[in-house]
Amino acid sequence: MAASPSPATATGRVTVADTVPAQGWAGVMVSDGLSFTRTDAEGRYELPLADTARFVMIVNPPGSEPGRDFYRPLPAEQPEQVEADFLVRRSARQPDVPFSFVHISDSHASSALRIAEPLIGQINALTDRPAFVIETGDLCSDNLDENTPMESYGQHLAIPYFPVTGNHDAGRARGEAFAGACFERVFGPWYYAWTCGRYLFVGLPWSPREESLAEAAQWLESLLAMNAETEQAHVVVSFHHWDGLGAWGSGQLGRFIDLFREAGISAAL
């Protein structure tokens, strides 16, 4: 069941870093995790918020650098008006210039960080600097005690870090309203997107709960439609396990697969 709009509205402006006076960036996609809007010619937007919205977030536009400052948490009790501004930084890299990124998975960093430290050092020391690191799930340790810190590579990397949930991370949310609750307290939205060059990267959740996946699928459908309409970027999706996108034969898994097929995704990590 789709969430209904609440009386709350988010407004704000997306501007270019290090510009005086602040220069707005037009056409930036802004979302509450379900629906989207775009910034106007001055970088301003107005977005009605769903009653289940937990964040306002942007997709950094083509020509900008991907980074972690893409979301703003919403208060538990939403006021009628929420102000959320964002800065984006122009990329020195031309859109068609090749770039590299790092993909890791199942680090279980909070139990094995000492083992991971040499790898983190190698990534940070790369002379051909990767644009970012993707981690596709199981960031936390095997110990599902809620008091165990959800440490990650991201606390030690010198480049932007884009993680998504795995079954161990979602397992920490026992008793919570949804499977991504612990992840979102540490890392922000548990599904989101960013651009680099002419590519749109999408991080998707791992969830045993159909209603959580329905939210993510609705958001993804809108995102892919907007990308096809204007950006026309190549799409790369990242997620932990196929079964985290819906049980085999479920409506949600079929919906995700259909969306991947229709978008002609370039890769699935």
Side-chain angles (χ1 to χ4, degrees), residues 27-31 33 36 38 57-68 70-71 88-107 123 126 128-139 153-154 157 159-166 187-207 213 215-246 248 252-269:
V28 178
M29 291 188 276
V30 186
S31 177
F36 279 84
R38 287 187 185 272
M57 53 184 167
I58 65 168
V59 180
N60 69 291
S64 69
E65 283 292 328
R68 291 295 307 170
F70 66 89
Y71 66 92
V88 289
R89 192 170 300 278
R90 292 195 186 278
S91 177
R93 184 190 310 108
Q94 293 301 308
D96 293 317
V97 171
F99 63 90
S100 64
F101 64 91
V102 176
H103 174 214
I104 56 179
S105 194
D106 281 273
S107 69
I123 294 172
L126 289 170
D128 184 10
R129 183 182 175 90
F132 53 84
V133 174
I134 297 174
E135 181 165 12
T136 47
D138 281 0
L139 323 175
Y153 284 85
L157 287 164
I159 55 180
Y161 171 70
F162 295 106
V164 295
T165 51
F187 299 107
W190 70 327
Y191 55 88
Y192 56 97
W194 67 99
T195 65
C196 189
R198 298 195 185 279
Y199 288 82
L200 173 67
F201 291 85
V202 182
L204 293 174
W206 188 99
S207 178
L213 294 172
E215 278 192 357
Q218 179 179 334
W219 168 87
L220 178 62
E221 185 172 6
S222 299
L223 171 71
L224 294 175
M226 295 190 85
N227 175 62
E229 176 185 279
T230 306
E231 279 79 359
Q232 297 180 338
H234 305 290
V235 180
V236 177
V237 296
S238 58
F239 51 90
H240 188 56
H241 293 155
W242 279 103
D243 62 2
L245 297 181
W248 181 251
Q252 293 307 323
L253 180 58
R255 184 179 182 186
F256 279 111
I257 291 173
D258 287 345
L259 288 171
F260 295 169
R261 182 181 296 114
E262 291 164 8
I265 63 168
S266 298
L269 305 177

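- Across every non-hydrogen atom of V236 and S266, the tightest pair is CG2-CB, 4.4 Å.
- The OG atom of S31 lies 12.0 Å from the CZ atom of R38; values are rounded to the nearest 0.5 Å.
- Considering all non-hydrogen atoms of both residues, G33 and W219 come closest at O-CB, 3.2 Å.
- Here the two rings, on F101 and F162, have centers that are 6.0 Å apart or farther.
- Taking a cutoff of 4.0 Å between a charged side-chain nitrogen and a carboxylate oxygen, R261 and D258 qualify as a salt bridge.
- Taking CG of L253 as the start and CH2 of W242 as the end, the distance is 7.0 Å to the nearest 0.5 Å.
- Of the inter-residue distances, the one linking L139 atom CG with D106 atom CG reads 9.5 Å to the nearest 0.5 angstrom.
- Side-chain contact between V88 and V28 is absent, with no heavy atoms from C-beta onward closer than 4.5 Å.
- Contact check for C196 versus R93: side-chain heavy atoms found under the 4.5 Å cut-off.
- The nearest pair of heavy atoms linking H103 to L269 is CE1-CB, 3.9 Å.
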Q: Under the side chain to side chain donor-acceptor pair (under 3.5 Å) rule, what do E231 and T195 come out as? Steps first, then yes or no, please.
A: CA-CA 10 Å; E231 279 79 359; T195 65; over 6 Å; no

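- At least one side-chain heavy atom of L200 sits under 4.5 Å from a side-chain heavy atom of V59.
- Within the 4.5 Å cutoff, no side-chain heavy atoms of F256 are placed close to those of V237.
- Put simply, the side chain of V202 does not reach to within 4.5 Å of the side chain of I265, judged on heavy atoms.
- A distance of 6.0 Å or more separates the ring centres of Y192 and Y71.
- The list of side chain to side chain donor-acceptor pair (under 3.5 Å) pairs with a residue in residues 196-206, not counting sequence neighbours, reads D96-R198, W206-D243.
- Under the ring pair (Phe, Tyr, Trp, His ring centres under 6.0 Å) test applied with F132, the options F201, F70, Y161 reduce to a single match, F201.
- Proximity of L220 to F260: side-chain heavy atoms (C-beta onward) are separated by under 4.5 Å at one or more points.
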